[in-house]
Structures are given as C-alpha cells and as structure tokens.
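Read the numbers this way: they start at 1 and go in the same order the structure lists the ligands and their atoms.
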Amino acid sequence: MKILITGGAGYIGSHTCVELLNAGHELVVLDNLSNSKHAAIHRIRELAAGPLEFVKGDIRDTSLVSNLLSQQCQAVIHFAGLKAVGESTQIPADYYETNVSGTLSLARAMDATGVKTIVFSSSATVYGDPSTVPITEDFPLSATNPYGWSKLMVEQILSDLAQADPKLSVTLLRYFNPVGAHPSGRIGEDPNGIPNNLMPYISQVAIGKLPELSVFGNDYPTRDGTGIRDYIHVVDLSLGHLAALNAHHDQAGRYVYNLGTGHGVSVLEMRNAFAKASEREIPYRFAPRRPGDIAACWADPSLANGALNWRAERGLLDMVSDAWKWQSMNPQGYPD
Ligand code: NAD
Ligand code: WQD
C-alpha cells in the first residue's frame, strides 16, 4: 500500500519508515526538516529497500499535501508536529499552528482526495496527572501546557471527523516514553541543543558532551523516590503503527490505543542500566522536582495487545544498548 508519512524524517517517523518498507509498503515522506536532517532519509534507504519518495514541504500547504495524496496514497501516518513541552509554553501559537492547523490542512487534503485512513501520533500527556496507574484508554483526559492541549484538540478534531464521515478510519496512538534506536546504530534520536528528555540527556552525559545528569526529584512516592515512566523501545513503537494500519485500514471508525510496555522504570534505574550497558560513568546529582512532572505514569497496553495483536517485546537492556550504539556511532548526531 502507498502511504503518506508526515514527519517521516524525525525520530519516530524514521524508524517507522524502516519497518513499513520492510513490510513491503511504498512511502511518500513529507517533512519540512524543521527538526530533522535529510541524512535520516539516506539512512532509512540504506536500512530498508523499497520505494520511498522524499518531499521537503509543510503539512500546512494543503495543495501540496493534496497533490501527494492524489498519487495513489491509501493512508496517512501523521507524525509531523512540534513536541517540546517547555517550548510550547513560550511559543504556544507556533504549537497550535503546526499541530492543530497542520492537522486540519491534512484533513482537508484527505477529504479532497478521498483518502480515508489516518493514524495519528498522540501522547500519554493527554492523561494529565492520572489518579492511579496503570492507565487505560478510558481514563479522564486533561492538559497542562499548549503541547498537551494541541494533542487533545487534534484527538477531538479527528474523532469529530470520524463521526461525520462513516468511511473514515481514525486511529489515535497514545505513545508513552519512546526511547532507544534502531539496532544498527544508523538512525536514532538527534535532539537540537541540550536535550529535555531523560534518555538523550543520559546518552550525552555518557559520551562526555554533558557533565552530569540532574535527577529531578528524589522525594516522589515511588520505590526509590525518583519519577517512574513507561519507556518503550522506538522499534516496538514503530511496529505498533504497522499493527494499527493492518488492523484498521479501511475499517471505518475511531480507535484509540496506549502504546507502552505496561512496566514502569525509575530515573535511577534508567541511569544505572545505561551506565552498565555503556560501561561509562554517568555522574548525577539530585535536583528539585521539575515543574509539571508527575510521580509515576505507565500504560495498561492490553487493548492494543488484543485488538492490534501487538506487544512491546524489547526490554530495558535493548533500549539502553541501542541508544548507546546510536550515540557512540554518531556522537554529533546526523551529519548536516
Ligand atoms: P521529531 O521532531 O523527531 O519528528 C517530527 C518531524 O516532523 C520532524 O522531522 C519535523 O521536521 C517534522 N515537522 C515539524 N513540523 C512540520 C511541518 N509543519 N510540516 C512538515 N513536517 C514538519 O519528533 P518525534 O519524537 O519523532 O515525534 C513524532 C510525533 O510523535 C510528534 O507528533 C510528537 O508530538 C509525537 N510524540 C512524540 C513523543 C516523544 O517523546 N518523542 C511522545 C509522544 C508523542
Ligand atoms: C522522564 C523522567 C523526569 C530529564 C515527555 C513529555 C511527554 C512525551 C514524552 C511527547 C521524569 C526525569 C528528565 C532530566 C530527569 N512527549 N528527568 N532529568 O516528562 O515523562 O515526558 O516526553 O508527547 O509529553 O512530557 O519525559 O524524558 O522528559 O522525563 O530526572 O534531565 O526523567 O523528571 O521523571 P516525560 P522525560
């Protein structure tokens, strides 16, 4: 099947492209390279044979998107967007413009060209501060920052569109904490500047680019006092998209799934696992809690396990080993 992949040069998109090509799909990748490099496309092509057309452009350009979709595309996987929580509080209009207006532009183009299947990158952030864990899909939804609101708004918009069009298939995938890299070490996460997220921060301490890890809070009500999250290997996450497409392509309706492992890992456990796998020192110090952080968050992935016949199979050792392989083979990230 020919699929439009928005944001396919980015971290999760690039890994998903490899798995889709390996499964025999034909891809059109649309990315404005605002948070990625063209080198990622070369690396995807190196890792997986098969037809991939790359177009540098913006999802807000509705006529461009319509033009691409009209070339026999049958489905869209929609990764393109801005994703930094802190930055979203500084430049909220950019976040709503890209994430919300961008999705509306895509929806208009799908409508104009009769493409009826979309898989959307949502986030566990839509659960806000959950009252209990593990989290099931029917938990209350909330947001505390413009990034989270943009994900909730897009979920609502796509749900309304599915309600209005009996032929539309909308799948909302709520990712927990994607980490790791392709086991080849050729594609991975390449953040701009100092990373906000734990795994790329630890990687850069291990390689010596950053001096030490600040562990945000050691007084949470968790087993070692540090925050607990459901880290999921990016290859497992990518395979979740393939499973969603297989299950719901051309099956009209609105579907929502947690993509997580169902297991929580603390900040210290992650730091220790990474130090062991990399055989590097990872100095750390305890710092105050980061505003907006929650104590613990992990998924109940049983809905996806059953309905999609999918399950996260890679463990913590795979996550840290593959992240370290990517970091050590590409200490400066992708070449320009
Ligand atoms: P990423 O920044 O690596 O990838 C996003 C891609 O979209 C980038 O290549 C960027 O250049 C592109 N892009 C941005 N604006 C665009 C536009 N207007 N037109 C075309 N392309 C555009 O991010 P990622 O980590 O791969 O995340 C992919 C998606 O998954 C995002 O929607 C993100 O919000 C969501 N998500 C990510 C995480 C995470 O922790 N990484 C967790 C939950 C959900
Ligand atoms: C994980 C844990 C931190 C950095 C974010 C977004 C979420 C989703 C995934 C997009 C927490 C601790 C972190 C550091 C630390 N993205 N930490 N020192 O906050 O769970 O989720 O990314 O949708 O929306 O909010 O991920 O990796 O930033 O933090 O101690 O330098 O690591 O306090 O407990 P988070 P994270």
Student: Could you find the nearest protein heavy atom to atom 18 (N) of ligand 1 and give me its residue, atom name and distance?
Tutor: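 Looking at atom 18 (N) of ligand 1, the protein heavy atom closest to it is Asp58 OD1, 3.0 Å.
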Student: So is Ser14 close enough to ligand 1, meaning a heavy atom under 4.0 angstrom away?
Tutor: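 Ser14 does not count as a contact of ligand 1 under the 4.0 Å cut-off.
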Student: Is Arg174 positioned over the aromatic face of Tyr257, cation under 6.0 angstrom from the ring centre and no more than 45 degrees off axis?
Tutor: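 So Arg174 doesn't make the cation-pi contact.
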Student: Judging by distance only, is a nitrogen or oxygen of Leu30 under 3.5 angstrom from one on ligand 1?
Tutor: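 No, no N or O pair falls under 3.5 Å.
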Student: Starting from atom 28 (C) of ligand 1, what is the nearest protein heavy atom, named by residue and atom, and what distance separates them?
Tutor: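 Its nearest protein heavy-atom neighbour is Phe79 O, 3.6 Å.
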Student: For Ser88 and Tyr147, indicate whether the former's side chain and the latter's backbone hold a donor-acceptor pair under 3.5 Å.
Tutor: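 Side chain of Ser88 to backbone of Tyr147: a pair is present.
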Student: Got the closest protein heavy atom to atom 19 (N) of ligand 1, with its distance?
Tutor: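 Going by distance alone, atom 19 (N) of ligand 1 is nearest to Ile59 N, 3.1 Å.
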Student: Is there a polar contact, in the sense of an N or O pair closer than 3.5 Å, between Ser34 and ligand 1?
Tutor: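 Between Ser34 and ligand 1, an N or O pair is found under 3.5 Å apart.
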Student: Counting non-hydrogen protein atoms only, what is the nearest one to atom 40 (O) of ligand 1? Give residue, atom name and distance.
Tutor: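 I find the closest protein heavy atom is Pro178 CD, 3.3 Å.
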Student: Does some non-hydrogen atom of Gly102 fall short of 4.0 Å from ligand 1?
Tutor: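 No, Gly102 has no heavy atom closer than 4.0 Å to ligand 1.
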Student: In terms of residue, atom name and distance, what is the protein heavy atom nearest to atom 13 (N) of ligand 1?
Tutor: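 Going by distance alone, atom 13 (N) of ligand 1 is nearest to Asn32 OD1, 3.4 Å.
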Student: Please say whether Ser122 places an N or O atom under 3.5 Å from an N or O atom belonging to ligand 1.
Tutor: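 N/O-N/O distance below 3.5 Å does not exist for this pair.
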Student: Could you tell me whether some N/O pair between Ala80 and ligand 1 is separated by less than 3.5 angstrom?
Tutor: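 It does not: no N or O of Ala80 is found under 3.5 Å from an N or O of ligand 1.
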Student: Report the part of Leu33 in contact with ligand 1, treating N, CA, C, O as backbone and CB onward as side chain, heavy atoms under 4.0 Å; options are side chain, backbone, both, neither.
Tutor: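 Looking at Leu33 and ligand 1, just backbone atoms fall under 4.0 Å.
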Student: What are the atoms of ligand 1, with element, lying closer than 4.0 Å to any heavy atom of Ser121?
Tutor: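 Counting atoms of ligand 1 from 1, those under 4.0 Å from Ser121 are 29 (C), 30 (O), 32 (O), 35 (C).
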Student: Side chain, backbone, both or neither: which part of Asn35 comes within less than 4.0 Å of ligand 1 when only heavy atoms are counted?
Tutor: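 Contact part for Asn35 vs ligand 1: both backbone and side chain.
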Student: Do me a favour and list the nearest non-hydrogen protein atom to atom 33 (C) of ligand 1 with residue, atom name and distance?
Tutor: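 Nearest neighbour among protein heavy atoms for atom 33 (C) of ligand 1, to 0.1 Å: Tyr147 OH, 3.7 Å.
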Student: Below 4.0 Å, non-hydrogen atoms only: which portion of His78 touches ligand 1? Side chain, backbone, both or neither.
Tutor: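 Looking at His78 and ligand 1, no heavy atom falls under 4.0 Å.
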Student: Between Ile12 and ligand 1, is there a nitrogen or oxygen pair with a distance under 3.5 Å?
Tutor: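 N/O-N/O distance below 3.5 Å exists for this pair.
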Student: Using a plain distance cutoff, I'd like to know if Tyr11 has any nitrogen or oxygen under 3.5 Å from a nitrogen or oxygen of ligand 1.
Tutor: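 Yes.
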Student: Tabulating one pair per line, provide the atom names and distances (0.1 Å) for every N/O atom of ligand 2 that is less than 3.5 Å from a protein N/O atom.
Tutor:
unit_1, atom_1, unit_2, atom_2, d
ligand 2, 18 (N), Ser214, O, 2.7
ligand 2, 19 (O), Arg290, NH2, 2.9
ligand 2, 20 (O), Asn177, ND2, 3.0
ligand 2, 20 (O), Arg229, NE, 2.5
ligand 2, 22 (O), Asn197, ND2, 3.2
ligand 2, 23 (O), Ser123, OG, 2.8
ligand 2, 23 (O), Tyr147, OH, 2.6
ligand 2, 26 (O), Asn177, ND2, 3.1
ligand 2, 27 (O), Asn197, ND2, 3.4
ligand 2, 27 (O), Leu198, N, 2.8
ligand 2, 28 (O), Asn197, ND2, 3.0
ligand 2, 28 (O), Arg290, NH1, 3.3
ligand 2, 28 (O), Arg290, NH2, 2.8
ligand 2, 29 (O), Arg290, NH2, 3.3
ligand 2, 30 (O), Ser214, O, 3.4
ligand 2, 30 (O), Phe216, N, 2.9
ligand 2, 33 (O), Asp293, OD2, 2.5

Student: For atom 4 (O) of ligand 1, grab the closest protein heavy atom and report residue, atom and distance to one decimal in Å.
Tutor: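 Scanning the protein heavy atoms, the shortest distance from atom 4 (O) of ligand 1 goes to Gly10 CA, 3.5 Å.
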Student: Would the His38 and Phe54 ring centres measure less than 6.0 Å apart?
Tutor: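 For His38 and Phe54, the ring centres are under 6.0 Å apart.
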Student: Between Phe176 and ligand 1, does any nitrogen or oxygen pair lie at a separation below 3.5 Å?
Tutor: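 Phe176 vs ligand 1: no N/O contact under 3.5 Å.
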Student: Hey, is Ala124 touching ligand 1 through its side chain, its backbone, both or neither, going by heavy atoms under 4.0 Å?
Tutor: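 It is neither part, as no heavy atom is under 4.0 Å.
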Student: Give the residue and atom name of whichever protein heavy atom lies nearest to atom 10 (C) of ligand 1, and the separation in Å to one decimal.
Tutor: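 Of the protein heavy atoms, Asp31 OD1, 3.4 Å lies nearest.
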